[in-house]
Amino acid sequence: MTGMHIGYDLSFTHTEGAWARQGSWIGRDFPDVRMFMELAQTAERAGVGLLFFGDGSGIPSTWRGSIAPAVEWGIQWPRHDMAPVIAAMSTVTEKVGFGLTYSSTFMHPFYVARLLNSLDHVTGGRIAFNVVASTRGADAANYGFAELMDHDLRYERMEEFVDVCRALWDSVAPDAIVRDRSTGRFADPAKVHPIDHEGRFFTVKGPLASVPGPQYHPLIVQAGNSPRGIAASARFADLVFGFGGNLAGQQRHRKLLDEALLAEGRDPEHVGILWATQVIVGRTKAEALARCEAVHEFWNEEAVATYLSHNAGYDFSTLPGSFQLGELRDELAAANASPAGIVGSLVTEFGADHTMSRSEFFAHGRGRATGLDHSVVGDPATVADALEETFAATGSRGGFMFSSPLAMPSGFAGISELLLPELRRRGALAPAYQGSTLRENLAV
């Protein structure tokens with residue numbers, strides 16, 4: 001056992017009302033880069049391994065077919081390209097790593113491989129690429145797609161996308177750059193070669209017109225707990241981003257990933273999972289619970305419905321006054337929406353034959369939207385106990401990707417100043433910053 005690695009998920013530090021809660025910045029608002037620069041310094045002092053940014057380029061528009069509710073209440077938007085922000089954060093830190101998300105469903109691998117190579121230089125070898133198969137129609141419409149491609153086809157495209165990126169990073173050998181000042185010879189042409197890739201989704205000549213980065217290959221992160229998603233993780237992921245909140249589901253994910261890694265000829269002991277875990281920590285349990293209540297205050301029914309519809313890809317405004325959960329699950333699947341999430345969890349909890357009213361559905365949905373139905377809440381000792389139990393029960397490989405529904409920066413400050421010192425005191429954390437690159441520092 002190497003101890004837990006810790007990441008912070010900064011994807012939604014300013015949405016869903018977090019920008020206005022007690023403990024938010026005064027005099028600074030998103031997207032002021034100084035907010036993130038200061039948070040990066042705080043996280044590095046706490047020994048955090050990775051600062052992670054998810055992404056989505058579309059404004060939620062599934063609920064009633066309009067972006068108006070998302071715009072009014074700040075649901076899952078605004079979302080900026082965080083590559084420049086990561087570059088800025090790297091200038092005021094030395095060790096903490098950065099995870100950047102791009103969609104293999106919509107983007108082109110040459111552009112992404114080139115950008116990540118440049119960021120690997122800027123950060124001094126501290127960049128990770130979170131590759132995602134996009135699931136939302138609002139994003140697809142911005143890239144000229146009338147509808148999302150089939151689920152499994154998205155993963156086929158992802159695997160080819162990563163193959164092309166890796167080939168491009170390999171197209172300039174690590175020792176190709178000569179820089180001989182006496183002769184003026186810059187590089188050895190025998191060690192720079194095209195990739196001549198012709199596949200189902202991409203045709204790329206290459207080579208990459210870049211100097212190899214400090215990591216050579218940026219660390220590759222991938223999420224997805226469907227059988228097809230796990231197969232993709234086993235093929236190429238250096239680190240897996242897993243869904244938290246359900247121990248049985250986490251154990252299943254770990255088991256299936258281990259089996260898939262062995263089938264690919266890879267050692268499961270060296271591929272960790274960072275479990276997505278929302279944490280609310282207070283100096284006392286009462287303080288932590290009071291912070292939960294502050295989160296609840298924001299979520300009116302329209303905000304909840306906008307969030308749920310966007311993430312499911314299904315307009316829940318069409319729900320009748322009452323319905324069977326199994327029928328709703330089947331309807332989502334038939335509409336090529338996601339039957340997981342709130343609907344899947346309700347079917348698991350109540351059964352497919354359970355009849356639920358529309359108002360009950362949105363009441364349960366509030367817990368899903370806030371994340372409070374699967375958050376770890378309490379004082380430092382209580383939260384640390386729960387994390388240690390989960391880490392041991394899921395194989396003791398990887399760690400946790402913490403998110404917070406509280407205000408920026410107070411939510412993450414509480415984790416840095418209260419929880420991480422408790423975990424370190426117990427010897428539960430992996431040693432911080434053992435190497436010079438992110439790949440070395442997040443080695444399981």
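These figures come from a predicted structure and were not determined experimentally. Count residues from 1 along the sequence.
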Original post:
When you measure from the side chain of Ser61 to the backbone N and O of Ile67, does any donor-acceptor pair fall under 3.5 Å?
Top reply: no
Subject >> Partners passing salt bridge (Lys or Arg N to Asp or Glu O under 4.0 Å) against Asp150 (at least two apart in sequence or in another chain) >> reply: none
**OP:** Provide the full list of side chain to side chain donor-acceptor pair (under 3.5 Å) pairs with a residue in residues 235-244, sequence neighbours left out, each pair given once.
**Re:** Glu159-Arg235, Asp163-Arg235, Asp238-Arg439
Original post:
So do the side chains of Glu422 and Leu429 get within less than 4.5 Å of each other, counting heavy atoms only?
Top reply: no
**OP:** Report yes if the side chains of Trp63 and Tyr307 come closer than 4.5 Å at any heavy-atom pair, otherwise no.
**Re:** no
Original post:
So do the side chains of Leu116 and Trp169 get within less than 4.5 Å of each other, counting heavy atoms only?
Top reply: yes
Subject >> Phe53 and Phe98 aromatic centres sub-6.0 Å >> reply: no
Original post:
Is there a donor-acceptor pair under 3.5 Å between the side chain of Arg228 and the backbone N or O of His151?
Top reply: no
Subject >> Heavy-atom donor-acceptor pair, Thr93 side chain to Val96 backbone, under 3.5 Å >> reply: no
**OP:** Give me the one residue out of Thr390, Val383, Leu387 that meets side chain to side chain contact (heavy atoms under 4.5 Å, CB included) with Thr277.
**Re:** Leu387
Original post:
Under 3.5 Å, side chain of Thr105 to main-chain N/O of Ser134, donor-acceptor pair present?
Top reply: yes
Original post:
Does the Asp139 side chain pair with the main chain of Ser57, one donor and one acceptor, at a distance under 3.5 Å?
Top reply: yes
Original post:
Between Lys191 and Pro174, is any pair of side-chain heavy atoms under 4.5 Å apart?
Top reply: no
Original post:
Looking only at atom types and distance, does a side-chain atom of Arg254 sit under 3.5 Å from a main-chain N or O of Ala393, one as donor and one as acceptor?
Top reply: no
Subject >> Side chain proximity check, Asp9 to Phe402, heavy atoms < 4.5 angstrom >> reply: no
Original post:
Who are the salt bridge (Lys or Arg N to Asp or Glu O under 4.0 Å) partners of Arg154, not counting sequence neighbours?
Top reply: none
Original post:
For the rings on His5 and Phe400, is their centre-to-centre separation under 6.0 Å?
Top reply: no
**OP:** Show the numbers, then the answer: is there a side-chain hydrogen bond (donor to acceptor under 3.5 Å, both in side chains) between Glu349 and Ser345?
**Re:** CA-CA 6 Å; Glu349 182 176 355; Ser345 64; over 6 Å; no
Original post:
Under 6.0 Å between the ring centres of Phe350 and His364?
Top reply: yes
Original post:
Taking only residues at least two apart or on different chains, which pairs with a member in residues 408-421 satisfy side chain to side chain donor-acceptor pair (under 3.5 Å)?
Top reply: Tyr8-Ser416
Scan the side chains in residues 197-210 for donor-acceptor partners under 3.5 Å anywhere in the protein, sequence neighbours excluded, and list what turns up.
residue, atom, partner, partner atom, Å
His197, NE2, Glu160, OE2, 2.8
Arg200, NH1, Glu156, OE1, 2.9
Lys205, NZ, Asp196, OD1, 2.9

Subject >> Inter- and intrachain pairs under ring pair (Phe, Tyr, Trp, His ring centres under 6.0 Å), touching residues 415-444, at least two apart >> reply: none
